[in-house]
Structures are given as structure tokens and as C-alpha cells.
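Beneath this line is the structure, given in C-alpha cells, with notes to follow.
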Amino acid sequence: MSLKSELLSRHPEIFEDHDVLAMGFFPDSEITVLARNARSLCVWCTDYAQFRNLVPANFASPDSDNTSNQDLIFQNKNQTFVFGTAPKPVTRPSKALIYMSKNKKENIFYIRTACSILPENSEVFVIGGNDEGVRGMETILKNSGPSEKYDYGRKCTLFRLLVTGTSRNDASSASLSTEASPEYYRAEIGNTDLKVAMIPGVFSMDRADAGTIFLLENLKDLDLSRINSILDAGTGSGIIAVFLKKLLPHARITAVDVSAFALEATRRTAILNNAEITVIPSDMLENTARYDLIISNPPFHVGKRQVFGPVLNLIRDCPRHLLPGGFFLMVANTFLPYENHLSQAFCKSGIKNRNSQYKILYGFTKSLS
């Protein structure tokens with residue numbers, strides 16, 4: 001049990017006989033136990049790995065042939081689990097519980113979403129680790145309505161926010177920009193001009209990442225004429241996937257990400273640029289097939305903390321997801337130590353190019369002839 005769950009276990013009154021909406025970054029699967037006496041529970045996940053951790057293992061996963069963008073929903077008696085960009089509670093919630101993420105914009109979005117759904121005079125509880133920016137959260141909550149520190153301990157703080165008519169009105173901006181008129185910025189990469197959808201909490205939300213640009217500008221030096229299938233792993237806003245579809249119109253492009261917000265941003269970026277790509281939720285390569293090229297600008301931060309596990313798993317698993325003669329490309333900061341891991345996973349690997357900030361790494365499933 002996580003420290004957050006230990007603190008919440010002291011407060012059964014949050015759940016008992018209430019219709020509870022829970023959202024945010026879940027530290028464990030204890031929410032189902034904590035809310036066992038709730039009248040109903042809707043768990044809204046925007047992280048696919050967390051959703052998979054909360055639903056049964058045999059719950060159907062999307063596959064690489066799935067082009068649907070529908071939310072994933074699992075229901076078990078009075079508990080509903082949703083993966084997507086919006087909650088889908090069966091019953092209107094009477095309380096909400098938010099587990100703080102490490103992204104300020106996401107936290108604001110969660111608070112506004114809760115205030116927009118709950119009736120006036122309802123309670124929103126927010127829990128966060130003391131190293132996760134709780135001081136900033138305290139300010140956000142004060143600006144959202146009457147709020148207080150409800151409890152603290154186990155290196156965590158629990159806040160309570162009262163939903164008022166004013167906070168409900170202010171929360172009208174909680175919904176994402178409509179698909180008919182999405183917010184976007186322009187990114188010029190070589191001779192290609194892209195419109196990139198903007199959604200809170202998504203990597204490179206408001207400008208193209210310099211590492212991504214460096215990676216894509218170096219593709220001109222490669223012979224990609226025999227590439228028919230490409231996977232963009234950890235797609236973010238979809239810049240890599242859509243750029244490659246413009247560059248190689250004949251190729252089948254699949255974009256995956258663990259974040260519901262990233263998947264929605266990618267889908268909108270594709271629509272904005274009239275690019276037909278497949279977008280599916282996946283924890284890196286979990287739901288993917290085999291491809292001629294796997295390409296990535298993988299994340300290595302969770303908040304301010306460096307985390308290498310997902311990237312190392314990607315490198316390790318890549319050869320099993322490449323077709324014969326296929327290869328892997330990724331961009332990384334120059335100080336990140338991935339070369340040895342690539343040499344262990346691939347028959348041939350190395351650095352294709354580098355500048356003062358970034359390096360482009362490659363791996364081949366077999367030696368070049």
C-alpha cells in the first residue's frame with residue numbers, strides 16, 4: 001500500500017455511501033479497496049499502464065489493427081474504470097478524489113473537470129506527496145474555491161475543496177478544445193510545415209522539441225524507400241508520426257503512447273494535417289506488431305526525476321518487434337548512457353549523428369550487407 005493510500009485509509013467518510021469519481025495519477029490499485037463502501041465508484045485513468053493495472057488481466061486490449069479512438073471502459077458491479085480524456089461516470093458523482101500528478105496543467109484540468117461535474121456544495125479531495133508540489137496545489141485550490149488542509153501525514157497532504165457556483169462557472173474551460181476547432185501551433189521541419197495539436201500535459205505541447213526536430217531533419221540522409229511500416233513509440237503530440245506520413249505516404253504508420261491526452265493530441269495532429277495513421281494506447285511496445293522501422297524520442301523524466309526503465313525496456317524489446325532487416329532510431333540527450341544497452345540488444349548499433357545537445361542512436365536487427 002502506498003503512503004497516499006495509507007493516509008486515505010484514515011478517512012472512510014470520503015467514500016461511504018457516496019458516488020465517487022477518482023482521477024489523477026494512481027500510485028497503486030488500492031482505490032478499489034478504499035472505496036469498497038461507496039455507493040458507486042468511477043475511476044478515470046489517463047495513463048494506460050495504470051488502467052491495465054486496475055482492470056482484470058483478461059480485459060481485451062486494443063491491437064495494431066484497431067483504428068478506433070473510443071475510450072476503454074470496464075465495469076464491475078458498482079465500479080467503472082475508464083481510460084480516456086474524460087470520465088464516464090454511470091451515476092453523477094457526489095464527491096471527487098484527485099491524486100496529484102507531477103504536471104501542474106494536468107492537475108488544474110482535473111480540478112476543473114471535477115468542479116464542472118459535481119453539484120454545488122460537493123467536496124473535492126486532493127492528495128499529493130509532499131515532494132510533488134503540494135504548496136503549489138494549495139495556491140491552485142485557494143483560487144478554485146473554499147479549501148483547506150484536511151489531513152497530513154505519511155509524507156503526504158490531503159486537501160478539501162468545496163465546489164461553489166463560482167468554481168463551477170470557472171470550470172467551464174475544463175473540456176478540451178473541440179475537435180472542430182482544435183488549438184494548434186505550427187512547426188517547420190525542413191520543407192515540411194505541420195500543424196500540431198495543443199493539449200495540456202502532453203510533451204512538446206506548445207512548441208516542437210529540439211531533439212525531435214534534430215531527429216527528423218536527419219532522416220533525409222537515410223534510404224527509406226523500402227520502409228513500409230513504422231511505429232512511433234511514445235508519440236506525444238504526434239509530430240514524428242505525422243511527419244513520416246508526409247515523407248512516406250505509402251507507409252503504414254502506427255503511433256502509440258501511454259497517455260490518453262497524448263493519443264488525443266496525436267489523433268488531432270493527424271486530422272489537422274490530413275494524415276492517415278493508426279493511433280492506439282500502449283505501454284511502449286505492449287500492444288504492437290512488427291515493423292520495418294521503430295522510431296522514438298522517448299521520455300526519461302517523471303516530473304523532475306530521471307527514470308530510465310521505460311527507455312531501457314524499449315531498447316531491449318525492440319528487436320522482437322522489428323521485421324527482418326528492420327531498424328530502430330531514437331534521439332536522446334548526449335549525456336544519457338544508452339549505447340551499451342543498444343549494443344547488447346542489436347547486431348549492429350551506434351550513433352548516427354550528434355550535436356551539442358542530442359545524439360541520434362540506431363540499432364539493426366542484422367548486420368548491413
Side-chain angles (χ1 to χ4, degrees), residues 1-2 4-5 20-36 41-90 97-103 106 110 199 201-203 231-236 238 254-267 278-290 294 296 298-303 307-318 320-321:
M1 180 182 289
S2 69
K4 293 177 184 177
S5 293
V20 179
L21 170 62
M23 66 187 86
F25 197 83
F26 298 90
D28 53 30
S29 59
E30 290 295 315
I31 182 61
T32 56
V33 177
L34 293 167
R36 60 187 177 277
L41 171 68
C42 177
V43 179
W44 171 33
C45 298
T46 58
D47 182 286
Y48 180 69
Q50 294 188 348
F51 175 79
R52 294 293 300 159
N53 187 48
L54 288 164
V55 301
N58 60 356
F59 179 71
S61 297
D63 56 42
S64 57
D65 295 323
N66 175 35
T67 58
S68 170
N69 293 294
Q70 299 299 314
D71 293 337
L72 299 176
I73 300 176
F74 173 78
Q75 191 154 3
N76 180 27
K77 297 180 181 178
N78 67 333
Q79 297 185 344
T80 304
F81 302 84
V82 180
F83 172 76
T85 57
K88 299 286 193 303
V90 176
L97 172 64
I98 300 172
Y99 291 84
M100 282 178 57
S101 81
K102 293 182 182 292
N103 186 294
E106 272 191 23
Y110 290 136
I199 289 182
V202 177
F203 177 68
L231 175 70
D232 176 12
T235 187
T254 300
V256 299
D257 205 287
V258 76
S259 163
F261 296 126
L263 296 170
E264 180 62 15
T266 297
R267 188 174 70 86
T278 299
V279 182
I280 60 172
S282 180
D283 189 2
M284 281 302 181
L285 303 180
E286 181 185 33
N287 296 324
T288 62
R290 300 178 74 195
I294 296 176
S296 185
F300 66 96
H301 278 112
V302 176
V307 177
F308 299 112
V311 185
L312 299 183
N313 290 341
L314 171 65
I315 293 170
R316 181 198 63 203
D317 296 339
C318 250
R320 294 190 293 107
H321 292 270

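No experiment lies behind these values; they were computed from the predicted model shown.
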Nearest non-hydrogen partners of [X] and [Y], listed with the distance:
X      : Y      : value
Ser296 : Ala233 : OG-O, 2.7 Å
Lys4   : Met100 : NZ-O, 3.9 Å
Ala262 : Val202 : N-CG2, 3.6 Å
Ser2   : Pro27  : OG-CG, 3.4 Å
Val258 : Ala49  : CG2-N, 3.4 Å
Val55  : Phe74  : CG1-CB, 3.8 Å

Nearest 0.5 angstrom please: [X] [atom1] to [Y] [atom2], how far?
X      : Y      : atom1 : atom2 : value
Ile199 : Thr85  : CD1   : OG1   : 7.0 Å
Leu54  : Phe81  : CG    : CZ    : 6.0 Å
Thr254 : Asp232 : OG1   : CG    : 9.5 Å
Met284 : Leu314 : CE    : CG    : 5.0 Å
Ser29  : Asn53  : OG    : CG    : 5.5 Å
Thr288 : Ile294 : OG1   : CD1   : 6.0 Å

Candidates Gln50, Glu106, Lys102 - the one meeting side-chain contact (heavy atoms from CB on, under 4.5 Å) with Phe25: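 Going through the options one by one, the only one that passes is Gln50.
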Any side-chain heavy-atom pair of Leu72 and Pro281 under 4.5 Å: yes
Val256 side chain reached by Thr235 side chain, heavy atoms, under 4.5 Å: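 Heavy-atom side-chain distance check fails, nothing below 4.5 Å.
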Short side-chain donor-acceptor distance under 3.5 Å, Asp257 and Tyr48: no
Using only atom types and a distance under 3.5 Å, with no angle test, would you say the side chain of [X] pairs donor to acceptor with the backbone of [Y]?
X      : Y      : value
Ser5   : Met1   : no
Thr266 : Gly238 : yes
Ser282 : Asn287 : yes
His321 : Ala289 : yes
Arg36  : Val33  : yes

Output field: ring centroids Trp44/Tyr110 closer than 6.0 Å: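 Yes, the ring of Trp44 comes within the 6.0 Å limit of the ring of Tyr110, centre to centre.
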Geometric class of the Phe26/Tyr99 ring pair [parallel <30°, tilted 30-60°, perpendicular >60°]: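 The rings of Tyr99 and Phe26 sit tilted, inter-plane angle from 30° to 60°.
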Lys/Arg N to Asp/Glu carboxylate O, Asp71 vs Lys88, below 4.0 Å: yes
